[in-house]
Each structure stands twice: as structure tokens, then as C-alpha cells.
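Heads up, the thing below is written out as C-alpha cells.
Both ligands and their constituent atoms are indexed starting at 1 by order of listing. Residue numbers run from 1 in the order of the sequence given. Computed from heavy atoms alone, side chains included, the values below leave out hydrogens, waters and symmetry copies.
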Amino acid sequence: MRTYVITGGTDGMGKGLGLYFLRRGDRVIAIASGAAKGAALLREADAIGASERAVFLRADLSTLAGMSDALARVTSLADTVDGLVFGAQRFRPRREITEDGIEFTFALHYLSRFVLGHGLTDAVARANTPVIMNICGPGGFPGRIHWDDLTLREGYTGTRAAMQASRANDLLGVAFPHRYPNTRTRYVLYNPMMVRTAMAEPLPTPHRILAKAAGYIVGRSVDQAVPPIARHLDEPPTDPLTAFRRRTRLPLTRKDFDPDNAIRLDTLTTELVQH
Ligand SMILES: NC(=O)c1ccc[n+]([C@@H]2O[C@H](COP(=O)([O-])OP(=O)(O)OC[C@H]3O[C@@H](n4cnc5c(N)ncnc54)[C@H](OP(=O)(O)O)[C@@H]3O)[C@@H](O)[C@H]2O)c1
């Protein structure tokens with residue numbers, strides 16, 4: 001029985017992936033902040049006879065306290081993590097600063113993946129085919145790291161914050177094999193492109209309607225999006241880091257994967273977490 005840890009495992013692709021693994025007999029630890037969706041996941045797990053293999057950990061992954069709490073609880077539940085999946089996200093149309101003084105999107109979309117990824121490195125490395133799957137946005141909408149204004153004090157928009165977090169996750173992937181040059185763990189950056197999930201819910205009304213309409217025209221359902229993600233977890237690529245936009249493998253020579261920027265962000269983030 002394999003163990004999968006999935007942030008954002010109570011909705012959208014995270015939940016779809018969790019139920020996929022539960023159905024075939026694996027164990028799933030889903031982390032998210034809302035009790036209602038967590039309870040709904042456990043009910044669905046019960047209905048497919050998987051209640052003993054499904055765990056819901058309630059934690060607010062936008063705060064450092066929530067991240068370390070989740071880390072401690074996962075560590076106490078699982079010695080080995082076969083697949084670590086990052087899918088927690090929530091779009092914020094208005095700028096919000098967390099209790100740690102960090103911009104919300106940067107904290108939830110990027111920093112939680114940094115903290116849990118490094119915190120669970122040993123547990124993942126103990127697996128037979130260790131893999132970290134970061135569901136994010138490589139090769140998607142453009143965006144950049146605002147090096148002098150990571151908390152986006154100037155000119156905040158929800159999209160700008162989301163794009164910055166996307167680029168930060170690209171660099172998080174690039175930094176991983178630099179940090180652990182001898183690791184067997186495979187790091188996969190995966191952009192599912194448009195999938196019909198609750199992602200559009202927090203958007204202001206006209207944007208929400210447009211996003212949902214676009215989702216129905218060009219998007220895929222969660223059921224369609226899950227199998228390719230599961231395949232990468234079952235048979236991780238041989239290279240230490242890979243990036244995909246759906247089926248297309250992206251060259252790591254793109255400027256989004258600049259190794260100097262990756263090391264710069266890694267250093268900055270390490271300082272941020274330590275302070
Ligand atoms: N959907 C798309 O079209 C699309 C496209 C490209 C990339 N992606 C990426 O794919 C991943 C999954 O997206 P999705 O659309 O499947 O997500 P989703 O359906 O919106 O689900 C998000 C999950 O994150 C959890 N979450 C939200 N705030 C949280 C917090 N503060 N602490 C812990 N958990 C929190 C949610 O549960 P609670 O609210 O209960 O906490 C939920 O389980 C994301 O990284 C997203 O950026 C999605």
C-alpha cells in the first residue's frame with residue numbers, strides 16, 4: 001500500500017487524485033483548510049470502502065504555523081511518503097497579508113510547497129519510486145518574480161500574484177536537484193491547463209462567468225485531468241526535474257527555469273522562513 005500526501009486534497013484535482021488512489025487501495029493524506037470539504041472527502045472515502053486509508057488533516061497552509069503543524073502531523077502518520085502532491089490554492093482578487101506578514105498567494109501557492117517539500121524530503125526519499133508532483137503553471141501565462149516587492153505592495157492584482165507564484169514554483173523545481181544532487185526523488189512540475197474546478201469561484205462576477213464559460217468550452221473535467229497526473233506519479237520520469245504543460249514536455253532552457261534565479265529565490269525563501 002502506497003501513501004500519498006496531497007495538499008488541496010479535498011477539492012478539484014487534489015480530491016480527484018486522492019479518490020483515484022483510494023479506489024485502487026492506496027492510502028491518502030489530504031491536507032486543506034476547510035472542515036466541510038474534508039468531511040465530504042471522508043464520506044466519499046467511506047462510500048468506496050476506503051475510510052481506513054483516508055486521512056484528512058485540517059491546516060491553513062497560508063500560514064507558517066499551519067505549514068509546520070501539517071508537516072509534524074504528516075511525519076507522525078507516515079514514515080514513508082510515496083508521492084507528495086501540491087495542489088492547494090485559492091485565488092485572492094484583493095491583496096491579503098498573512099499573520100506572518102507574507103502576501104497570501106505567495107504563502108499558499110509557493111511557500112507551503114517549499115516548506116512541505118523540504119520538510120518531507122527524507123520521508124519521500126524512502127519510497128521505492130519517490131516523486132514530488134507540483135501541480136502549477138509551467139509554460140502557462142507569463143509572469144515574473146517581483147524581486148524587490150515579493151509581497152506586491154505596488155500594483156497588486158490577483159492575476160499578478162498567481163503568476164508570480166507560478167514562476168516561483170518553476171524555480172522551486174529547478175532548485176530541488178541543486179539542493180539534493182544525489183537524490184532519487186523525481187520532481188515534476190505539471191501544468192494541467194484549464195480544468196473545471198472551484199478555482200474560478202473567488203473571482204469577481206464578470207470574470208467568474210467568463211472563466212467558467214471558458215472552462216466549459218476548452219477546459220477538461222477533473223476525471224479527465226487526473227489520469228495523466230497519476231501516470232507521472234506511478235512512473236516518474238527518469239530525469240531529476242521535468243516540466244510538462246499537459247502532455248508537452250517543456251525544455252528546461254526557458255528563462256522561467258533559470259538556475260541562478262532558482263538559487264536566488266531558494267536563498268531568499270530560506271531566509272524568509274528562518275525569520
Ligand atoms: N483548475 C485549473 O484550471 C488549473 C490550471 C492550471 C493550474 N492549476 C493548479 O492546479 C492545482 C489544483 O487546482 P484546482 O483547480 O484543482 O484547485 P481547487 O479545486 O480550487 O482546490 C483547491 C484546494 O486547496 C485547498 N485550500 C485552499 N486554501 C487553502 C489553505 N489556506 N490551506 C490549505 N488548503 C487550502 C482547498 O480546500 P479549502 O478551501 O477547504 O482549504 C482545496 O482542497 C493548483 O495548484 C492550481 O494552481 C489549476
Side-chain angles (χ1 to χ4, degrees), residues 5-20 28-42 44 56-71 73-74 85-92 96 98-100 102-113 115-117 132-141 143 158-159 161-170 172-173 188-203 208 211-212 214-226 228-229 243-246:
V5 174
I6 306 177
T7 75
T10 61
D11 209 350
M13 284 172 270
K15 180 180 181 183
L17 206 53
L19 290 170
Y20 179 95
V28 170
I29 301 173
I31 311 173
S33 68
K37 286 184 197 168
L41 172 73
L42 294 182
E44 287 187 53
F56 166 55
L57 289 189
R58 189 175 181 195
D60 180 355
L61 294 178
S62 71
T63 69
L64 287 169
M67 296 172 210
S68 29
D69 178 44
L71 190 53
R73 288 195 284 156
V74 170
V85 180
F86 298 131
Q89 64 110 16
R90 186 61 61 230
F91 188 83
R92 280 287 190 266
E96 204 175 292
T98 67
E99 63 189 35
D100 308 301
I102 301 167
E103 189 276 315
F104 175 91
T105 307
F106 190 80
L108 177 62
H109 291 221
Y110 164 69
L111 195 58
S112 73
R113 299 170 190 216
V115 170
L116 290 178
I132 298 178
M133 158 66 64
N134 190 340
I135 310 177
C136 49
F141 292 118
T159 303
M163 294 305 102
Q164 169 168 264
S166 264
R167 298 293 73 78
N169 276 309
D170 292 345
L172 180 60
V188 183
L189 296 163
Y190 183 82
N191 181 349
M193 302 296 281
M194 194 171 280
V195 180
R196 292 188 290 275
T197 67
M199 188 155 112
E201 293 304 335
L203 292 171
R208 189 174 65 247
K212 284 193 168 182
Y216 278 99
I217 296 163
V218 294
R220 288 182 304 165
S221 67
V222 167
D223 284 348
Q224 290 170 313
V226 161
I229 304 175
F244 294 88
R245 187 178 52 218
R246 274 200 193 162

Taking all atoms of both residues into account, what is the closest heavy-atom pair of [X] and [Y], and its distance?
X	Y	result
A88	L108	CB-CD1, 4.0 Å
M67	V115	SD-CG2, 3.7 Å
A107	I102	CB-CG2, 3.9 Å

* Please say whether the positively charged group of R92, taken as NZ for Lys or CZ for Arg, lies over the ring of F104, i.e. under 6.0 angstrom from the six-membered ring centre and within 45 degrees of the axis. => yes
Provide, line by line, the atom pairs where ligand 1 and the protein bring an N/O atom each to a distance under 3.5 Å; else say none.
from, atom 1, to, atom 2, distance (Å)
ligand 1, 1 (N), V195, O, 3.3
ligand 1, 1 (N), T197, OG1, 3.3
ligand 1, 3 (O), M193, O, 3.4
ligand 1, 3 (O), V195, N, 2.8
ligand 1, 3 (O), V195, O, 3.3
ligand 1, 15 (O), T197, OG1, 2.5
ligand 1, 16 (O), M13, N, 2.8
ligand 1, 17 (O), Q89, NE2, 3.3
ligand 1, 19 (O), G12, N, 3.3
ligand 1, 20 (O), Q89, NE2, 2.8
ligand 1, 20 (O), R90, NH1, 3.2
ligand 1, 24 (O), Q89, N, 3.3
ligand 1, 31 (N), D60, OD1, 2.9
ligand 1, 32 (N), A59, O, 3.4
ligand 1, 32 (N), L61, N, 2.9
ligand 1, 37 (O), T10, OG1, 3.4
ligand 1, 39 (O), R90, NH2, 3.3
ligand 1, 40 (O), G34, N, 2.8
ligand 1, 41 (O), S33, N, 2.7
ligand 1, 41 (O), S33, OG, 2.4
ligand 1, 41 (O), G34, N, 3.4
ligand 1, 43 (O), G8, O, 3.3
ligand 1, 43 (O), T10, N, 3.4
ligand 1, 43 (O), T10, OG1, 2.8
ligand 1, 43 (O), D11, N, 3.3
ligand 1, 45 (O), R113, NH2, 2.8
ligand 1, 45 (O), I135, O, 2.8

* **Single hit among V74, D60, D69 for side-chain contact (heavy atoms from CB on, under 4.5 Å) with I31** => V74
* To do: Using a strict 4.0 Å threshold on nitrogen-to-oxygen distance, state whether K15 and E44 make a salt bridge.
  =>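 Answer for the salt bridge query: yes.
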